[in-house]
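Working notes, beginning with the structure itself.
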Amino acid sequence: MNLLPLVVHEMRSAVRRPSAYRIRLSATGAAIGLSCCGLLIWSDSISAAALGHSLLEIFGWTAFVGSALAGLLLTSDCISRERREGTLGLLFLTDLRGHDVAFGKLAAKGIAPFYCLLAIFPCLTVCVIVGGVTAGEVWRLSLVLVNMLFFSLSVTILTSTFCRQQRAAQTGALLAILLSVVALPLLGLGLTSNRSLWRSWWFIFSPASNCLLAFDPRYRLESGWFWSSLLVTHLLAWVCLALAGRLLPRISLEESFVFAPNAGGRWAHWQSRGAARRREVRREWLSRNPIAWLASRDDLKRRLVWCLPAIALWIWLSFDPDPLGRLSAQISCLAFAIIHALFKICVGADASHEFAASRLNGTLELLLLTPLQTREVATGMLSAFRHRFLGPLLALLMVDAALAAKLLFVNNRLGAFIAGAGAVMLLVDSYCLCWVGLWRGLVARDSVRAILATTLRILILPWIFFAGAAGIFLQSTLAEFAGMWLVLGVLNDVVFLVNARDFFNEHFRTMALRPFGAKPPRVESKWSPMNWEAEPDSQPNAS
């Protein structure tokens with residue numbers, strides 16, 4: 001008897017997709033390329049033992065971050081999408097149960113990242129051949145990566161069960177991943193002493209501790225905590241998956257199970273407050289630009305973004321920001337970098353989501369019926385982004401300026417330069433993410449692919465260039481590395497910003513009018529050395 005029919009069906013469908021083969025091939029090529037670069041560039045500067053261990057750490061942390069983001073990108077909207085489209089209840093008209101649906105979603109969305117992990121596992125054994133790495137270290141790291149993938153997919157399936165809107169589901173999944181992977185280890189490092197028992201309890205519930213303790217230097221000292229943390233996080237993943245399967249039948253029968261407000265009471269009174277003010281603001285925005293009003297209707301999102309400057313200010317007040325000082329100072333600098341990255345991700349995700357969601361709900365078709373020009377559409381979108389993100393951006397820049405001033409006060413010019421470079425990149429990246437996000441949301445099939453494409457181009461690609469340049473110029477100082485990162489990041493932003501603005505202004509209606517699901521036409525970049533587009537007035541010669 002087949003106990004999990006949906007799992008078998010989803011896995012058979014997933015392995016037949018061409019994307020599964022392409023993703024596995026891309027992961028293998030990236031791992032082999034990284035191994036070759038490390039062996040060619042670093043082999044003359046460091047010892048074989050240090051080279052093998054460095055390659056293993058790069059592979060391990062890269063795959064760990066990818067496994068953590070797999071749930072956010074793949075399963076954060078799997079159940080909420082079924083609820084929006086009204087197909088969740090159809091699944092329970094058959095003999096399927098809640099855990100069948102939960103396991104089916106896990107198998108369908110998890111087969112591609114699992115193939116990626118299987119593809120890079122042989123490259124981990126190359127580190128054993130290079131030296132400085134034991135076979136047990138490789139096996140422990142492989143076990144940690146598979147467990148992190150299972151944990152990420154299970155937690156995001158549970159958060160998707162509680163939400164109906166795509167943006168709320170993705171936000172909940174991001175908060176769950178950040179809390180479990182980033183916040184708990186940082187709290188354990190920054191708020192407890194080295195000998196405190198609570199420090200270990202902060203780590204035991206985080207999958208990041210598995211990756212930290214998987215390497216031999218830490219595993220020899222705390223092997224028991226490694227296996228305890230691995231077991232606890234694995235059991236938490238099963239609990240999340242079981243809760244999702246338990247809640248799915250109830251949610252399919254009653255859509256208002258979680259977030260539906262009551263007809264009266266305090267919720268209705270709270271919603272009625274400020275209604276006149278909202279109507280006044282709506283009339284003001286509509287008189288200025290209807291596109292700006294359309295893109296700035298969500299006031300809750302604008303309030304949530306202010307949490308990042310508030311956290312940055314709290315960190316600046318609580319910790320000594322000198323990076324050459326105690327461990328808490330290094331954690332504070334890392335927390336500043338994470339806050340900058342989160343703000344950039346929020347800007348890019350919001351810009352990428354607008355047109356991708358408008359294509360699905362039909363708003364984009366209505367927009368094309370209006371007499372608004374392309375530049376007016378772009379101006380309205382940028383005005384909405386400025387209304388939503390300019391205040392938090394200025395607050396973050398003020399905190400960065402205060403951090404640089406404090407570093408200069410303690411005569412740490414290098415730290416002040418790095419803080420200033422981070423502030424410049426925050427400003428440049430935020431503006432570039434708005435344009436690139438609008439263009440990628442217009443050409444992508446859905447918002448998840450648009451967000452991924454925008455993040456890859458603006459936030460990840462400069463770090464790849466920087467890693468290659470840093471591998472070549474190994475003898476550079478820290479200040480030279482910071483300047484190199486700033487120059488490469490600005491050049492990357494300029495190229496994609498110019499392309500996105502030109503493409504949007506020239507091809508907006510062409511991309512918006514294409515049929516749903518159709519592949520967007522190829523457009524030529526001005527940075528291309530050759531123009532492959534045919535001239536409009538050129539005619540073939542008659543023979």
Side-chain angles (χ1 to χ4, degrees), residues 1-24 66-118 145-166 168-170 172-173 176-177 207 233-255 257-258 360 445-449 452 517:
M1 183 176 63
N2 194 1
L3 298 179
L4 297 173
L6 193 59
V7 173
V8 177
H9 174 268
E10 292 289 353
M11 293 187 68
R12 287 178 178 175
S13 301
V15 297
R16 294 192 184 104
R17 296 174 188 147
S19 60
Y21 173 76
R22 291 195 295 266
I23 291 175
R24 185 169 66 249
S67 300
L69 295 178
L72 178 64
L73 298 174
L74 298 176
T75 56
S76 61
D77 192 40
C78 61
I79 304 298
S80 55
R81 184 174 182 177
E82 298 279 356
R83 296 181 61 183
R84 289 195 307 271
E85 296 177 354
T87 57
L88 182 62
L90 299 178
L91 296 175
F92 294 102
L93 295 178
T94 61
D95 294 335
L96 295 176
R97 291 173 292 180
H99 70 271
D100 295 326
V101 177
F103 277 101
K105 294 296 182 182
L106 177 69
K109 303 298 183 180
I111 190 68
F114 181 71
Y115 276 164
C116 291
L117 291 181
L118 289 181
L145 295 178
V146 174
N147 182 68
M148 180 65 233
L149 178 62
F150 177 58
F151 180 85
S152 175
L153 296 176
S154 301
V155 170
T156 50
I157 287 176
L158 179 61
T159 57
S160 180
T161 305
F162 287 99
C163 302
R164 184 180 181 89
Q165 300 300 323
Q166 180 183 13
Q170 292 174 349
I177 294 298
T233 53
H234 189 72
L235 292 178
L236 285 177
W238 281 107
V239 169
C240 293
L241 202 61
L243 286 176
R246 184 68 179 270
L247 292 174
L248 279 174
R250 301 182 182 182
I251 291 176
S252 64
L253 295 177
E254 186 179 359
E255 285 293 328
F257 179 71
V258 181
L360 293 177
R445 295 182 182 179
D446 52 36
S447 61
V448 175
R449 298 189 182 188
L452 185 61

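Side-chain atoms are counted along with the backbone in the values below, which use heavy atoms only and exclude waters and symmetry mates.
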[atom1]/[X] to [atom2]/[Y] distance, rounded to the nearest 0.5 angstrom?
X	Y	atom1	atom2	value
Arg164	Ile79	CZ	CD1	13.0 Å
Arg83	Phe162	CZ	CZ	10.0 Å
Ile111	Ile23	CD1	CD1	11.0 Å
Leu117	Met148	CG	CE	11.0 Å
Asp77	Lys109	CG	NZ	8.5 Å

Paired with Pro113, the side chain to side chain contact (heavy atoms under 4.5 Å, CB included) test is passed by just one of Leu145, Leu73, Leu149, namely Leu149
I'd like to check Thr75 versus Ser160 (side-chain heavy atoms, cut-off strictly below 4.5 Å). Are they in contact? no
Compile the donor-acceptor pairs under 3.5 Å between side chains in residues 234-245 and protein atoms, sequence neighbours left out, one pair per line.
residue: His234; atom: ND1; partner: Asn147; partner atom: OD1; Å: 3.1
residue: His234; atom: NE2; partner: Trp238; partner atom: NE1; Å: 2.8

Item checked: Partner residues of Arg81 under the salt bridge (charged side-chain N to carboxylate O under 4.0 Å, His left out) criterion, sequence neighbours left out ->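 Arg81 satisfies salt bridge (charged side-chain N to carboxylate O under 4.0 Å, His left out) with Glu85 once adjacent residues are dropped.
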Of all heavy-atom pairs linking Ala176 and Val155, the shortest is CB-CG1, 3.6 Å
Item to complete: Look at the side chain of Thr156 and the backbone N and O of Leu153, then say whether any donor-acceptor pair between them is shorter than 3.5 Å.
Response: yes
- Task: Tell me, with the steps shown, if Ser152 and Leu72 meet side-chain contact (heavy atoms from CB on, under 4.5 Å).
- Result: CA-CA 8 Å; Ser152 175; Leu72 178 64; 6.0 Å; no
task: Decide yes or no on side-chain contact (heavy atoms from CB on, under 4.5 Å) for Thr159 and Ser76, but give the supporting numbers first.
output: CA-CA 7 Å; Thr159 57; Ser76 61; 5.5 Å; no
